[in-house]
Amino acid sequence: FRSLFDSTAVRANQILANGQLAWMTPHESPWFVFEAPPELKGVDAVEQWLKRCTEIAQLELARSNFYSEIHELYLDRGAFGTALLYCEEGRKGPLRFEAWTVGSYSISEDDEGYVDTVAREYHLTVRQAAMAFGEENLSEEMRKIVQENDPKRLDQKFEFLHMIYPREPEEIDPTKADPLNMPFASVYIDLKAKKVVKESGYRELPFFVTRFLKWGKAPYGWSPSWIALPEARQLNFLEMNLDALAETAAFPRLLIPNNYVNDVDMRAGGVTYFDPANPNAIPREWATSGRYDVGLDRANRKAQAIEDAFHVDLFQMFARQDKQMTATEVQERAAEKLIQFSPTFARMTTELFNPLLKRGFGLLLRGGYFPPVPQEAVVMDATGAYLPEPKVSYTSRIAMSIRALENLSFNRSMAMLMPLSQIRPDILDNYDFDRIARDSARNDGVPAGWLLSKDQVDQIRQARAQAQAMQAQMEQAQMLADAASKAGRIDPTSAVGRAIEEGLG
């Protein structure tokens, strides 16, 4: 940090991480919902059970270290392009998370581009290793240290390798449910002793690797810092020279005649005597006329480029608006920023959030933290009974804002079509307005409970149609009754009299 003169890139990455935490995984409000899978959609018992599971999962995430660790993941993801979050059952609670340090692990993808294998090198003290693996599983050297119980030696560090990878089908005995027959293997190796100190497994993938974006076939991602690096280097150079120029302006260089050694008073209000007969012997400033304004303009443009790379304008959009904006202007401006951010949000959803919540759901379910599974949630097929995975919907501000882009497109279409509909009303027959109304409400974040089911809407419309038909009949009957009261004054043999007679008949 001694050579760092400008922290714009560092602050931009912090704003990106803070914004993702607040807008995508907020601690203070729900950001996901477990919903019934398609085959169980509309089953009230299942939907109510999943609603309760959602509330419990959100509570357990808040009780765990999830929000502190995922913030570290956001920092790594923005700076290095690749980040990893590990989730396992903790000793103090059902969920424990750890953001692994960038550079301590390597990853490998499967044939579909998903990371399914990771190898991590890390250090543990002898005391920590005994707690993690059991004294009986340690190497002979570490067992001796444990038995000696020397505090200094117990803090001696050893290097371990942790491998997580999918087991081959032939390695798994389907009749057993022990850790050695789970889909994902976990192997810990003492690198010095070349000894396996622990082997187990996981039902779900316990780590989640997310790349900011990918470019090419390498398994690792790239980040905004790659784009901002040239500007960050130039801005650092500019700030270094602007600081020097500012110091020069505040404390100018001086040309002093050689016969004034130690006679020039540089203090505020100081007095220096010179020979008025020799004006060339007066001390004067030298080379202090640099253009600070030109350097500042260049620095501002470099800083803006860095902030654009890190999507700072998206997360500070409303804080920075300098004029009153209409709702349409706000939507248009938000859409412009969200379109640039949506690719990395989509990648985060598939690589991080989906498997993370699947893992958390499984740990909480097996740990007995959820209510009993309703019988309606169990599905039978040719292989037997199973519990389908719930569908996950995201309700964070970023997720809802991206969905709301559909509403903006519809609003633009309607603004263009409404004048035409005055001439050709039938052009509106191209739109399913019931679906548009329901989807628009969901996109804007309207709670699902506020929307009536389609059956309820149909019942309301049928009742309204019946009421309107009955009202029409009553009005027609009243008209005929009025006509009958006047029939005595009308010749029954006339055309009008015959019409009244027929209507009453």
Side-chain angles (χ1 to χ4, degrees), residues 9-10 12-21 23-25 31-32 69-87 97-121 163-166 184 204-233 305-315 336-359 392 394 396 398-399 401-403 405:
V10 177
N13 189 44
Q14 289 179 325
I15 292 172
L16 174 62
N18 296 344
Q20 289 178 109
L21 183 66
W23 282 50
M24 296 167 57
T25 52
W31 55 274
F32 68 91
E69 291 299 310
I70 200 170
H71 184 255
E72 292 189 22
L73 176 134
Y74 290 146
L75 289 169
D76 288 345
R77 190 173 184 265
F80 304 105
T82 303
L84 184 150
L85 188 67
Y86 175 72
C87 174
F97 297 89
E98 183 181 358
W100 288 1
T101 304
V102 171
S104 67
Y105 59 87
S106 59
I107 59 177
S108 178
E109 296 177 328
D110 62 14
D111 59 328
E112 295 181 344
Y114 293 99
V115 177
D116 65 348
T117 301
V118 65
R120 177 199 185 196
E121 291 184 2
M163 290 284 300
I164 303 175
Y165 56 91
F184 296 95
E204 308 93 5
L205 197 66
F207 65 86
F208 326 106
V209 175
T210 174
R211 284 72 60 94
F212 195 89
L213 286 175
K214 284 191 66 179
W215 196 335
K217 298 299 182 182
Y220 297 92
W222 63 276
S223 67
S225 59
W226 289 39
I227 302 174
L229 185 59
E231 282 79 10
R233 287 176 172 172
I306 293 172
E307 292 183 350
D308 289 345
F310 283 93
H311 301 280
V312 170
D313 50 353
L314 171 62
F315 297 107
E336 177 186 351
K337 310 304 180 185
L338 286 167
I339 288 172
Q340 299 300 320
F341 186 76
S342 58
T344 186
F345 175 75
R347 181 170 286 278
M348 187 179 294
T349 300
T350 57
E351 293 183 341
L352 176 62
F353 296 147
N354 287 347
L356 183 152
L357 293 174
K358 175 184 175 181
R359 170 71 170 163
V392 181
Y394 298 98
S396 65
I398 282 286
S401 297
I402 290 177
R403 290 182 191 173
L405 294 178

Is the shortest side-chain heavy-atom distance between [X] and [Y] below 4.5 Å?
X      : Y      : answer
Leu21  : Tyr74  : yes
Pro219 : Glu109 : yes
Leu16  : Phe315 : yes
Tyr114 : Pro355 : no
Thr117 : Ile164 : no
Leu352 : Ile70  : yes
Met348 : Phe353 : yes
Ile227 : Ile306 : no

The criterion is ring pair (Phe, Tyr, Trp, His ring centres under 6.0 Å); which residues satisfy it with [X], sequence neighbours excluded?
X      : value
His311 : Phe341
Tyr86  : Trp100
Trp226 : none

Is a side-chain N or O of [X] found less than 3.5 angstrom from the main chain of [Y], in a donor-acceptor match?
X      : Y      : value
Tyr220 : Ile107 : yes
Asn18  : Gln14  : yes
Asp76  : Ala83  : no

Evaluation steps, side chain to side chain contact (heavy atoms under 4.5 Å, CB included), between Asp110 and Val115: CA-CA 6 Å; Asp110 62 14; Val115 177; over 6 Å; no
Looking at every heavy atom in both Pro224 and Ala309, which two are closest together, and how far apart are they? CB-O, 3.2 Å
Kindly give the heavy-atom pair with the smallest separation between Arg359 and Phe208, and that separation in Å.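 Shortest heavy-atom contact: CB-CZ, 3.8 Å.
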Kindly indicate, with the supporting measurements, whether the criterion side chain to side chain contact (heavy atoms under 4.5 Å, CB included) is fulfilled by Phe212 and Trp222. CA-CA 6 Å; Phe212 195 89; Trp222 63 276; over 6 Å; no
Using the side-chain hydrogen bond (donor to acceptor under 3.5 Å, both in side chains) criterion, which residues pair with [X]? Sequence neighbours excluded.
X      : answer
Tyr105 : none
Ser396 : none
Glu231 : none

Please lay out, stage by stage, how Val118 and Val209 fare under the test side chain to side chain contact (heavy atoms under 4.5 Å, CB included). CA-CA 9 Å; Val118 65; Val209 175; 5.6 Å; no
Worked verdict on Phe80 versus Ser223 for side chain to side chain contact (heavy atoms under 4.5 Å, CB included): CA-CA 6 Å; Phe80 304 105; Ser223 67; 5.6 Å; no
Any donor-acceptor N or O pair under 3.5 Å, side chains [X], [Y]:
X      : Y      : value
Thr344 : Arg211 : no
Thr210 : Arg77  : yes
Ser108 : Tyr165 : no

In this structure, are over 12 heavy atoms from other groups packed under 6.0 Å from Lys358 atom NZ? no
Supply the atom-to-atom distance [X] [atom1] to [Y] [atom2], rounded to the nearest 0.5 angstrom.
X      : Y      : atom1 : atom2 : result
Leu356 : Thr349 : CG    : OG1   : 11.5 Å
Ile15  : Leu314 : CD1   : CG    : 11.5 Å
Ser106 : Glu121 : OG    : CD    : 8.0 Å

